[in-house]
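A, B, ... follow the sequence lines: proteins, then strands. Residue 1 opens every chain. The model shown is predicted, which means the values in this text are computed figures rather than measured ones. Scope of the values below: all heavy atoms of this structure, side chains included, with no hydrogens, waters or symmetry mates.
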Amino acid sequence: MPELPEVETVRRNLEATVVGRTIVSVRLSGKKLRDPISRQLPLRLRGRRIESVKRHGKFLLIHLDQDLTLISHLGMSGRWLFFDDSPDAMSHVHARITFKDGTELWFQDPRRFGLMRVTPTSRLARDPAIADLGPDPVATPLRGEWLFERSRGARAPIKSFLLDQKRIAGIGNIYASEILHRAGVSPRRQAGALTADEWNAVAAEIAYVLRDAIDRMGTTFSMYRTLWNEPGTYGDQLLVYDRAGEPCRRCGGVIRRIVQGQRSTFYCPRCQSVRRGRRALVIARGQSGA
DNA sequence: ATCCTATCCTGTAGGC
DNA sequence: TGCCTACAGGATAGGA
């Protein structure tokens, strides 16, 4: 579910809500996440105070006192939910954090692809989950020139390149399609074959789309919710994602779905032609003929 | 190093 | 209604 804008929304929610609160207990469910939660985690978190909430890509970093950080990844279906009063039982809740004042923070994740662990803050950069991540494009706006240089020799399609968290941290399946559509670049192009101008366009749309999606609290299809169980509204802005067979909002052509790396990709073959040069030639011809 | 495939897990939508 | 298949916002191990 959650890509950078959704995780950033949850981060802001957490920052406004749980910073300053002190944990009195953590209860774990018996079920294993893909990366199991340590049984020691409740003991390590007990008595700790939340000092700040940061983010790198899709990872939430909840900093506590005594040099501890709670690393959290939402996977496909993870949610953090905050309650003033403990609600009735919910399914798939893997951790319940109770604060000193009686408020609660629950981690729910039906598909169990999420991750939660505690690590010393001073060694956070060496945590295997964090160590290999590329730059966060919101914290560090990416320049087209930098992407151009970094992509030389890359033979994977640009769509897969954008999803690679080692290259850029935070872009997921929805926003990769949206970014490429707005940039007018076909998802099938080899990343290493994009021109500097094309990378400039992609860099600009990475910044624009992520910012816009954050402003709208992300995209909700089914699972994703804010800390208060509200949906995000960026779904109204989607130009191609999940719109196969529907008309392109820019040119009226038909949006197509293809599969790349076992993930769906949506694009408009007319706006995003595979051969940019050919398209430019057609336009030039039309002008000379007029 | 890079790329591709299969896999982890549950829920839901759509076809019959 | 039920049964079946395909698919879903992600990351990663293992092999080419």
Side-chain angles (χ1 to χ4, degrees), chain A residues 1-11 29-37 55-60 71-80 90-94 107-117 127-134 136 149-180 187-193 209-210 213-214 216-226 230-238 240-245 257-266:
Chain A
M1 94 183 172
E3 307 181 30
L4 188 152
E6 291 75 35
V7 179
E8 173 62 14
T9 300
V10 174
R11 187 201 70 77
S29 78
K31 296 238 176 176
K32 277 190 169 37
L33 298 187
R34 186 172 187 220
D35 207 336
I37 301 175
R55 180 189 56 74
H56 189 123
K58 301 171 193 170
F59 286 87
L60 276 169
I71 302 177
S72 161
H73 193 292
L74 302 176
M76 280 291 223
S77 58
R79 288 178 185 172
W80 282 104
M90 287 173 59
S91 53
H92 307 298
V93 176
H94 297 99
F107 181 72
Q108 182 193 38
D109 184 7
R111 291 181 69 182
R112 299 196 251 144
F113 293 162
L115 173 153
M116 191 185 312
R117 70 160 157 263
D127 185 281
I130 308 293
D132 295 330
L133 292 177
D136 182 285
E149 284 166 16
R150 297 299 298 262
S151 65
R152 292 310 89 183
R155 295 187 311 170
I158 173 72
K159 159 68 168 3
S160 304
F161 186 96
L162 292 180
L163 287 182
D164 185 348
Q165 304 299 299
K166 292 183 175 65
R167 297 190 180 275
I168 307 167
I171 297 173
N173 210 34
I174 295 178
Y175 298 110
S177 283
E178 294 298 311
I179 287 162
L180 289 174
R188 316 168 71 129
R189 297 276 304 285
Q190 276 190 357
V209 168
L210 296 180
I214 291 169
R216 297 169 197 272
M217 302 191 298
T219 305
T220 294
F221 274 97
S222 55
M223 280 307 296
Y224 161 71
R225 291 291 189 289
T226 70
E230 300 159 329
T233 60
Y234 191 79
D236 302 341
Q237 310 298 315
L238 297 177
V240 289
Y241 187 84
D242 202 30
R243 299 193 63 238
R257 172 185 180 272
I258 59 174
V259 175
Q260 297 179 294
Q262 288 111 238
R263 317 287 309 273
S264 291
T265 300
F266 300 89

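- If you check C/dC7, B/dA6, C/dA11 against the side chain of A/Lys58, the one that comes closest is C/dA11.
- As rounded to whole Å, 17 Å separates atom P of B/dT10 from atom CZ of A/Arg79.
- Between A/Val10 and A/Arg225, the closest heavy-atom pair is CG2-O, 4.2 Å.
- Between A/His94 and A/Ser29, the closest side-chain pair of non-hydrogen atoms falls below 4.5 Å.
- Across the protein-nucleic acid pair, A/Arg225 atom CZ and B/dG11 atom P stand 16 Å apart, rounded to whole Å.
- If you take CD on A/Glu178 and CD1 on A/Ile171, they are separated by 12.5 Å, rounding to the nearest 0.5 Å.
- Proximity note for A/Arg112 (side chain, C-beta onward) versus B/dC4, C/dA11, B/dC9: the nearest is B/dC9.
- Residue whose closest nucleotide on DNA chain B sits further toward the 5' end, between A/Ser222 and A/Ser160: A/Ser160.
- Contact between the side-chain N/O atoms of A/Gln165 and the OP1/OP2 oxygens of C/dG10 is not found at any separation under 4.0 Å.
- In this structure, the aromatic ring of A/Phe113 is not positioned over the six-membered ring of the base of B/dC9 within 5.5 Å between centres and 30° between planes.
- Residue contacts shown for A/Ala154 are limited to sugar-phosphate atoms, with no base heavy atom under 4.0 Å away.
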Inset, instruction - List the steps, then state whether ring pair (Phe, Tyr, Trp, His ring centres under 6.0 Å) holds for A/Tyr175 with A/Tyr234. - result: CA-CA 10 Å; A/Tyr175 298 110; A/Tyr234 191 79; 5.6 Å; yes
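- At C/dG10, none of the side-chain N or O atoms of A/Arg34 fall inside 4.0 Å of OP1 or OP2 (strictly under the cut-off).
- In this structure the side chain of A/Val7 never reaches within 4.5 angstrom of the side chain of A/Phe59, judged on heavy atoms.
- Counting heavy atoms from C-beta on, the side chains of A/Leu180 and A/Val240 never come closer than 4.5 Å.
- Across all strands shown, B/dA6 forms a Watson-Crick or G-U wobble pair with C/dT12, both key distances being under 3.5 Å.
- Atom-to-atom, CZ of A/Phe59 to C1' of C/dG10 comes out at 9 Å; the value is rounded to the nearest Å.
- Per the geometry, CD belonging to A/Glu6 stands 16 Å off P belonging to C/dA8, to the nearest Å.
- Remark: P of B/dT12 and CE of A/Met76 are 15 Å apart, rounded to the nearest angstrom.
- Rounded to whole angstrom, the span from the CZ atom of A/Arg263 across to the C1' atom of B/dT5 amounts to 14 Å.
- For the pair A/Lys159 NZ and B/dC4 C1', the interatomic distance rounds to 14 Å; values are reported in whole Å.
- Remark: B/dA1 base-pairs with no nucleotide in the shown strands. Criterion, Watson-Crick or G-U wobble with two distances under 3.5 Å.
- Rounded to whole Å, the separation between the P atoms of B/dC9 and C/dC3 comes to 24 Å.
- Comparing C/dG10, B/dG11, C/dA8 by their closest approach to the side chain of A/Arg111 singles out C/dA8.
- Phosphate contact (OP1/OP2 of B/dT10, side-chain N/O of A/His92, threshold under 4.0 Å): absent.
- Rounded to whole angstrom, the span from the CZ atom of A/Arg167 across to the P atom of C/dA11 amounts to 15 Å.
- Nearest nucleotide to the side chain of A/Ala156, out of B/dC4, C/dC7, C/dG10: B/dC4.
- For B/dC9, the OP1/OP2 oxygens have no side-chain nitrogen or oxygen of A/Ser77 closer than 4.0 Å.
- Among the heavy atoms of the strands lying under 4.0 Å from A/Gly172 are primed sugar atoms or P, OP1, OP2 only; no base atom is included.
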